[in-house]
Every structure is written in C-alpha cells, then in structure tokens.
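A short worksheet on the structure shown next.
Each ligand, and each atom within it, is numbered from 1 in the order the structure gives.
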Amino acid sequence: MGKRAETGTGIVAEGIQRSFGNVQALRNMDFTAPAGEVTALIGPNGSGKTTLLLILASLLAPDSGSVRINGFDPLTHPAEVRSAVGWMPDTLGTWEALTSAEILATVGTFYGLTRTHAAARAAELLETVHLEDFADQPARVLSRGQQQRLSLARALIHDPSVLLLDEPASGLDPGSRVDLRVLLRRLAAEGKTVLVSSHVLSELDEMADRAVFVARGETVKAQSLSDAGAQARWYTIRALNTGSLLRQIDEQRIEYRQPGDRHGPQVQVRLAGEDAAADLLRTLVLADVAVTAFAPAGGALEETYMSLDTDRR
Ligand SMILES: Nc1ncnc2c1ncn2[C@@H]1O[C@H](COP(=O)(O)OP(=O)(O)OP(=O)(O)O)[C@@H](O)[C@H]1O
C-alpha cells in the first residue's frame with residue numbers, strides 16, 4: 001500500500017445542514033481539509049464548529065448534505081470512518097474513576113487493539129503527552145490541562161489518519177502548547193489530516209497551513225496561511241522621533257492611525273502586503289527616520305477574522 005492509501009484523502013463536506021429545533025446550527029456548509037496539512041477551523045461562538053466536528057466524527061447525523069472522510073461516508077461506512085478518525089472533544093468526559101493508563105488501554109481495545117498492544121500504546125502516548133507519572137492515578141486527580149493532554153492521547157490511541165480537535169490548547173500551559181504545536185505539525189508531515197478548532201488565532205498562525213472561517217453555520221472564507229501573511233494589513237511602526245515619522249507617512253499618502261500604547265508612541269499604517277512594507281521601511285530609513293520597530297500589528301488570521309462580517313449568537 002502506498003502512502004496515500006495509508007493516510008487517506010482527507011475531509012470533504014458539501015451542503016451540510018443541521019438544525020436543533022428551530023436553531024439552524026449548520027445552514028449550508030461546504031468544507032474541505034486535505035491530508036498532510038493542519039487546517040484551522042475559526043468562527044465566533046455558536047457559528048457551528050462543534051456541530052461540524054461531531055458530524056465529521058460520525059457522532060451526529062446531518063439533516064442533509066454529504067460528508068466523505070478518506071472517501072467514506074460516515075452514514076453508510078461508520079466503522080471505516082471511526083477507525084480513521086481520532087476525536088478530541090473540548091472536555092475529557094466521564095470515566096474519572098479509571099486511571100490514565102486504564103482509560104487509554106480500554107479505548108485502545110474498543111478500536112480493536114489487543115490488550116498487550118493497547119497497554120504498550122497507552123504507555124507510549126502517556127510519555128508523548130508527559131503524563132507518565134500519572135499513569136496509575138485516577139483521571140479525576142488530573143488538572144484541567146493534564147486532562148486535556150490525556151484527551152489528546154486518547155484521540156491518538158489507534159493511530160488515526162484524520163484528527164479532529166476541538167479547542168485542544170485550552171487549559172494548556174505555554175510549554176504544553178508548544179508541544180502540541182510540534183506534535184500536530186509532525187502528524188501532518190506524516191500525511192495525516194489535522195483539523196483544529198480554536199479561538200486563539202495567534203496559536204493557529206504558528207500551527208496551521210490553512211484556515212476555514214465559518215459564521216452563522218456557513219463557510220465564509222478559506223485561506224492559506226501564506227496568503228493570509230501576504231494580504232493587506234496594519235503594521236506598527238515606532239521611531240525615536242514620531243513627528244518625523246508622521247511627516248514621511250503623510251508625504252507617502254499612506255493611511256495611518258495612532259492607537260494609544262503603554263510602550264510609548266506608535267503609528268499604525270495600512271499596507272497592501274509585504275512588498276509595500278519593505279518599500280516603506282526602505283523609504284523611512286533613506287529619509288533618516290530613526291525607526292526602532294516595524295512589524296505586523298496583529299496576526300495574519302486575526303487580520304482576516306476582523307475583516308469578515310462575523311457575529312456571535
Ligand atoms: N444539542 C443542541 N441542542 C440545541 N442547540 C444546539 C445543540 N448543539 C448546538 N446547538 C446550537 O447550534 C449552534 C451552533 O453551536 P456549536 O456548538 O456548533 O457552535 P460553536 O461554533 O462550536 O461555538 P463555540 O465557539 O461557542 O464553541 C448554537 O446556536 C447552539 O446553541
């Protein structure tokens with residue numbers, strides 16, 4: 001079997017609709033997440049992210065539309081889809097009386113691993129998420145962040161080719177966030193499909209290859225991170241003398257604003273992309289403006305998010 005057959009073709013969903021009573025959680029959602037990439041799922045509260053993830057994990061049926069996970073329809077091939085998919089919900093859930101090692105090994109046997117294989121895989125994953133010291137502790141003694149890490153290990157127990165992660169970084173300390181990022185990048189490099197929902201856009205900037213923005217139950221934009229980085233955005237500039245900086249910006253007829261900043265005076269300019277940023281920096285330096293800082297004002301995904309017409313419900 002070639003690499004492609006092992007790792008699959010990713011996620012394709014078309015025209016997904018799902019209502020709960022008179023709330024239309026998903027209105028007409030088209031969505032793709034290719035194998036070998038980390039896709040970020042971004043949207044305001046109530047926009048339908050968890051509902052979509054549950055449908056992709058075959059834990060919830062759509063009212064209409066089609067879903068393919070590595071080419072399989074969850075409705076007609078639930079066994080194939082469940083063995084392909086690793087699902088990390090935003091809370092660990094029940095079973096708190098079992099130990100961490102028992103939880104992982106038990107879930108492993110649900111996926112058809114032998115007891116010996118499941119126990120070995122559990123031990124390996126507890127090391128991956130740095131919980132080996134808690135292997136024999138009941139899960140209820142774990143802190144919120146430790147429970148999140150156990151939940152991640154549980155999602156990986158059967159070596160799935162498609163990973164669906166709902167807010168995986170929530171509750172994690174900074175070191176564990178870096179570990180998570182490195183792990184997800186490695187899994188994508190192995191050819192797996194990784195889908196991550198999060199509200200922490202700066203984290204997704206570092207982790208994702210592409211982003212799908214959803215609002216009111218629909219996809220409103222899909223964008224690669226390299227396109228997001230190259231788009232028009234605000235840059236923050238500081239100089240020893242703000243007056244001379246503003247004179248130059250005025251002369252170039254560039255749109256600017258002066259937000260308050262507790263780190264001293266700063267000017268923000270709206271630039272068309274990275275080429276325009278390089279041009280302006282060159283111009284300022286040649287004009288003897290003593291520039292002390294010049295960088296994008298926010299993350300690339302935040303820039304896209306703020307430019308979209310999204311709202312909460
Ligand atoms: N089981 C349910 N019963 C009734 N309404 C539901 C149910 N699940 C979701 N909804 C509604 O569907 C909409 C989408 O919810 P969903 O949980 O998918 O949003 P989300 O994007 O994951 O939000 P958040 O960012 O807050 O996690 C919301 O209006 C929610 O109230």
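Residue contacts with ligand 1: Ser197 is excluded, as none of its non-hydrogen atoms falls under 4.0 Å.
Close N/O approach between Gly48 and ligand 1 is found [any backbone or side-chain N/O within under 3.5 Å]. Looking at ligand 1, you won't find any N or O of Ala25 less than 3.5 Å from one of its N or O atoms.
Within the listing of ligand 1, atoms 17 (O), 18 (O), 20 (P), 22 (O) sit less than 4.0 angstrom from a heavy atom of Thr50. Close approach to Lys49 involves these atoms of ligand 1, each under 4.0 Å from a residue heavy atom: 18 (O), 19 (O), 20 (P), 21 (O), 22 (O), 23 (O), 24 (P), 25 (O).
Judged as a ring-ring contact (aromatic ring centres under 6.0 Å, His included), and not counting sequence neighbours, His117 has no contacts. Applying the ring-ring contact (aromatic ring centres under 6.0 Å, His included) criterion to Phe134, with sequence neighbours excluded, gives no partner residue.
Nearest to atom 24 (P) of ligand 1 by heavy-atom distance, out of Asn45, Leu54, Asn22, Val23, is Asn45.
Because its NZ or CZ atom is both nearer than 6.0 Å to the ring centre of Phe20 and within 45° of the ring axis, Arg18 counts as a cation-pi partner of that residue.
For the atom pair Met88 CE and Leu195 CG, the distance stands at 13.0 Å (nearest 0.5 Å).
Only the side chain of His199 comes within 4.0 Å of ligand 1, counting heavy atoms alone; its backbone N, CA, C and O stay farther away.
Under the 4.0 Å criterion applied to side-chain N and carboxylate O atoms, Asp73 and Arg68 are assigned as salt-bridge partners.
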* **Step-by-step salt bridge (Lys or Arg N to Asp or Glu O under 4.0 Å) determination, Arg185 to Asp209** => CA-CA 9 Å; Arg185 294 286 346 145; Asp209 298 293; 3.2 Å; yes
